[in-house]
Amino acid sequence: MNLSILIPLLNEEESLNELYNWIIKVMQSHNYSYEIIFLDDGSTDNSWNIIEGFAQENPHVKGVRFMKNFGKSQALHAGFAKAKGDVIITMDADLQDSPEEIPGLYDMITNGKYDLVSGWKKKRYDSVVAKNLPSKLFNWAARKTSGVELNDFNCGLKAYKNVVVKNIEVSGEMHRYIPVLAKNAGFGKIGEKVVQHQARKYGETKFGMERFINGFLDLITIWFLSRFGKRPMHLFGAMGSVMFIIGFMLAGYIGISKLYHMYNDMRYSLVTSNPWFYIALTTMVLGTQLFLAGFLGEIILRTKNNEERYKVSSEVNFL
């Protein structure tokens, strides 16, 4: 199978028919073998009924429905697990991603030998203040932190080799950083393609300004996990050991200084009257806590179980 097209959605009943017909037209004009997997992230409108209708008339259309809204990352995780195509395309259901871009993305994966190709909405039709400027700042920070040179991490239109999506773990709200996850998994050939961005035709965006705040927090998380996720003891243990040694040496100096003054009949004060004593004590306590944090992190990594992060209520056309 050439293509698996994954479409996560939430309450997009108005755009689904137009999007579906547009994708089918592109698939037929290029004679692709394909599957379209709609990932209904707990829609409360008529979206799932429309998807079931597509599936009844077209065996290439499949659907997964969550029991409630679990988030885009969870939807993509479910889709990646089920995708069978040689190339996997992800796109949003709001018609802001053009299906006409699919052949170009497919060609870059198959002939350009890229592991992953991310869309770049160079010209956008969103609000400059509410979306464009925060997005530019966010993408700049993501590039500097991750080392992945992409201009648009947030673009939902991306193409992947099948082996890539089978070897990355998308959780939380990490869908923005799938290229970073792919790089950390060893897939280094990551490309970018300028794609057409279309003004939203129906409804309203499901993401507000909080997505940028969450995005920056996730960026910190993924930086930490990429550096120390496998060995937390390397960070916490090292920091804890250094702090404990500094505190211990400081406490030792205070104690030796008092003994010296006592031995030479010099004036001295109680150790507890010296403010440096409390600094030393605090440093040793913090060092011990950091060391234990690293130790507990190592234990958790070795004993953790993979928990189910979402509940599926319905599926169509999956064998």
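We use all heavy atoms of the structure for the numbers below, so side chains are in, but hydrogens, waters and symmetry mates are not. Keep in mind the model is a prediction, meaning the values are calculated, not measured.
- Formation of a donor-acceptor pair under 3.5 Å by the N21 side chain with backbone atoms of N17 is found in this model.
- Within the 4.5 Å cutoff, the side chain of M284 has no heavy atoms near those of the L250 side chain.
- Neither side chain, S118 nor E192, offers a donor N or O lying under 3.5 Å from an acceptor on the other.
- A distance of 14.5 Å separates NZ of K62 from CD1 of I51, quoted to the nearest 0.5 Å.
- Here N162 contributes atom CG and I109 contributes atom CD1; the two are 11.5 Å apart, rounded to the nearest 0.5 Å.
- Judged by the 6.0 Å distance and 45° axis criteria, K82 is positioned over the aromatic ring of F318.
- Within the 4.5 Å cutoff, the side chain of I7 has no heavy atoms near those of the Y20 side chain.
- For M1, the CE atom is densely surrounded, since the number of other residues' heavy atoms within 6.0 Å is greater than 12.
- The hydrophobic clustering, which links ILVMFWY residues whose side-chain heavy atoms are closer than 4.5 Å, places F70 and V312 together.
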Let's go through M91 and L19 carefully: what are the C-alpha distance in whole Å and the side-chain angles of both, what is the deciding distance for side chain to side chain contact (heavy atoms under 4.5 Å, CB included) to 0.1 Å, and is it a yes or a no?
CA-CA 10 Å; M91 62 187 306; L19 177 64; 4.1 Å; yes
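- Connection of I50 to W22 is established within a shared hydrophobic cluster, with ILVMFWY side chains joined at heavy-atom distances below 4.5 Å, either directly or through further cluster members.
- Hydrophobic cluster membership differs between M239 and I246, with clusters built from Ile, Leu, Val, Met, Phe, Trp and Tyr side chains linked at under 4.5 angstrom.
- In this structure, K84 places its NZ atom where only 12 or fewer heavy-atom neighbours from other residues, nucleotides or ligands lie under 6.0 Å away.
- Ion pairing between K193 and E101 holds under the 4.0 Å rule for side-chain N and carboxylate O.
- Residues P179 and K158 come closest through the heavy atom pair CG-CE, 3.8 Å.
- Across all non-hydrogen atoms, the minimal contact from D152 to K121 is OD2-N, 3.1 Å.
- Formation of a donor-acceptor pair under 3.5 Å by the T283 side chain with backbone atoms of M243 is not found in this model.
- Panel note: side chain S98, backbone E100; a donor-acceptor pair is recorded below 3.5 Å.
- Rounding to the nearest 0.5 Å places CD1 of I190 at 6.5 Å from CG of L150.
- Side-chain contact between Y34 and I24 is present, with heavy atoms from C-beta onward closer than 4.5 Å.
- Counting only distance, with no hydrogens or angles, the side chain of K113 and the backbone of K189 share no donor-acceptor pair below 3.5 Å.
- The structure places CG of N49 at 7.0 Å from CZ of R65, a figure rounded to the nearest 0.5 Å.
- Put simply, CH2 on W276 and CD1 on I254 are 8.5 Å apart, with the number rounded to the nearest 0.5 Å.
- Using the six-membered ring where Trp is involved, Y32 and H30 have ring planes that are parallel, under 30° apart on the 30 and 60° scheme.
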Should W48 and V316 be marked as a side chain to side chain contact (heavy atoms under 4.5 Å, CB included) after you check the CA-CA gap, both sets of side-chain angles, and the distance that decides it?
CA-CA 10 Å; W48 182 248; V316 291; 4.0 Å; yes
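- Within 6.0 Å of CZ in F66 there are more than 12 heavy atoms belonging to other residues, nucleotides or ligands.
- The main-chain N or O of Y278 is found under 3.5 Å from a side-chain atom of T282 such that the two form a donor-acceptor pair.
- Partner of K72 under the side-chain hydrogen bond (donor to acceptor under 3.5 Å, both in side chains) criterion, out of D92, D41, T90: D92 alone.
- Residues L76 and V163 share a single hydrophobic cluster, defined by chaining ILVMFWY side chains whose heavy atoms lie under 4.5 Å apart.
- H77 places none of its side-chain heavy atoms less than 4.5 Å from the side chain of S73.
- Looking only at side-chain heavy atoms (C-beta outward), V148 and F153 come within less than 4.5 Å of each other.
- When every heavy atom of I36 is checked against every heavy atom of F38, the shortest pair comes out as CG2-CE1, 3.6 Å.
- E12 and A93 make their closest contact through CG-CB, 4.0 Å (heavy atoms, listed as atom of the first residue, atom of the second, distance).
- In this structure, CG in N167 is found 14.0 Å from OH in Y160, a value given to the nearest 0.5 Å.
- When all heavy atoms of M67 and S313 are compared, the closest pair comes out as CG-CB, 3.5 Å.
- Closest of all the heavy-atom pairs between L6 and I88 is CD1-CG2, 3.8 Å.
- Electrostatic pairing of K161 and D115 counts as a salt bridge here, judged by a charged N lying under 4.0 Å from a carboxylate O.
- Using modelled atom types, no side-chain atom of N151 and backbone atom of W120 make a donor-acceptor pair closer than 3.5 Å.
- Remark: side-chain polar atoms of S29 are paired, donor with acceptor, to backbone N or O of V26 under 3.5 angstrom.
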Where do F80 and V170 land on the side chain to side chain contact (heavy atoms under 4.5 Å, CB included) test, with the steps shown first?
CA-CA 9 Å; F80 288 160; V170 187; 3.9 Å; yes
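- You'll find the side chain of E35 stays beyond 4.5 Å of the side chain of N317, heavy atoms only.
- In terms of modelled atom types and a separation under 3.5 Å, the side chain of N2 and the main chain of S33 share a donor-acceptor contact.
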Show your reasoning for whether side chain to side chain contact (heavy atoms under 4.5 Å, CB included) applies to V195 and D97.
CA-CA 8 Å; V195 297; D97 294 334; 5.9 Å; no
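- Considering only heavy atoms from C-beta on, L296 stays 4.5 Å or farther from F236 through its side chain.
- With hydrogens and angles ignored, the 3.5 Å screen pairs a side-chain donor or acceptor of N264 with a backbone N or O of Y260.
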